[in-house]
Amino acid sequence: MEVSRRDFLRVSGAVATGTALGGLTGLGASLAPTLARAEELRIKNARTFPSICPYCSVGCATLVNTIDGKIVNIEGDPRSPHNEGTLCPKGAAIYQLHVNPNRPLKVLHRAAGATEWEVWDLERAMARVAELVKTTRDETFIERLDNGRRVNMTPAIFSLGGATLDNEWNHIQQKLMRGLGIVAIENQARI
Ligand code: SF4
């Protein structure tokens, strides 16, 4: 199609309340070839793997593109019947879950009253968590209420899950927590 200078200026003015893309498509310009080309370049030579966004129970389908074993792009899978290629802002930022220089890769421990974080190895941290859970549970465990009803629980430990805990993790987490007698269990990963 041809866009005259007058038309272009008119559309550019409209851009103040819209976007250049919206303006051009408003004139009937098809951006499909350009977008298709950009799409092709972005994932050229990439291998594509279907996956699922872990952030909530909607479970939107994603396509993970990799080059030489490294993730280069993640986007919604247009074949999915429920998200149809779209992702919410959290899901759209999922690439940063994997590729993120700000992501802590070591266990950090700050002792009570301390002002500085200390790097711990994972074994030491896990042993410390287990020790504190056992001590707290032993000290606060309630077998029966005053009326004699058996409850076998501790009100002193709270389990808080994060957005990236998936169904399988939560299944095991629930089993562990309930087995310990922990009843205060919460997780973000739900709608
Ligand atoms: S967080 Fe967003 S993109 Fe991810 S599954 Fe939920 S709705 Fe879908």
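For ligands, and for the atoms within them, numbers begin at 1 and follow the listed sequence. Computed from a predicted structure; not experimentally measured.
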**Report entry** Contact with ligand 1 for Asn83, non-hydrogen, under 4.0 angstrom
**Finding:** no
Query raised in the report: How far does CG of Asn152 sit from CD of Glu143, to the nearest 0.5 angstrom?
Result: 6.0 Å
Requested in this report: State the atoms of ligand 1, each with its element, that fall below the 4.0 Å cut-off from a heavy-atom position in Cys60.
Outcome: 3 (S), 5 (S), 7 (S), 8 (Fe)
Query raised in the report: Looking at Lys90, which atoms of ligand 1 are within less than 4.0 Å of one of its heavy atoms?
Result: 1 (S)
Query raised in the report: What are the atoms of ligand 1, with element, lying closer than 4.0 Å to any heavy atom of Tyr55?
Result: 1 (S)
Report summary line: SG (Cys53) and CD1 (Ile74) are apart, to the nearest 0.5 Å, by 9.0 Å
Query raised in the report: How many angstroms lie between CZ in Phe49 and OG1 in Thr62, if you round to the nearest 0.5 Å?
Result: 12.0 Å
Report summary line: Applying salt bridge (charged side-chain N to carboxylate O under 4.0 Å, His left out) to Arg79 and not counting sequence neighbours gives Asp77
Query raised in the report: If you count the atoms of ligand 1 from 1 in the order shown, which ones are under 4.0 Å from a heavy atom of Cys53?
Result: 1 (S), 3 (S), 4 (Fe), 5 (S)
Report summary line: Rounded to the nearest 0.5 angstrom, the CD-NE2 distance for Glu118 and His109 is 7.5 Å
**Report entry** Backbone or side-chain N/O/S of Cys88 under 2.8 Å of atom 8 (Fe) of ligand 1
**Finding:** no
Query raised in the report: Quick one: salt bridge (Lys or Arg N to Asp or Glu O under 4.0 Å) pairs with a partner in residues 88-107, sequence neighbours left out?
Result: none
Query raised in the report: Which of the numbered atoms in ligand 1 are below 4.0 angstrom from a heavy atom of Gly59?
Result: 5 (S)
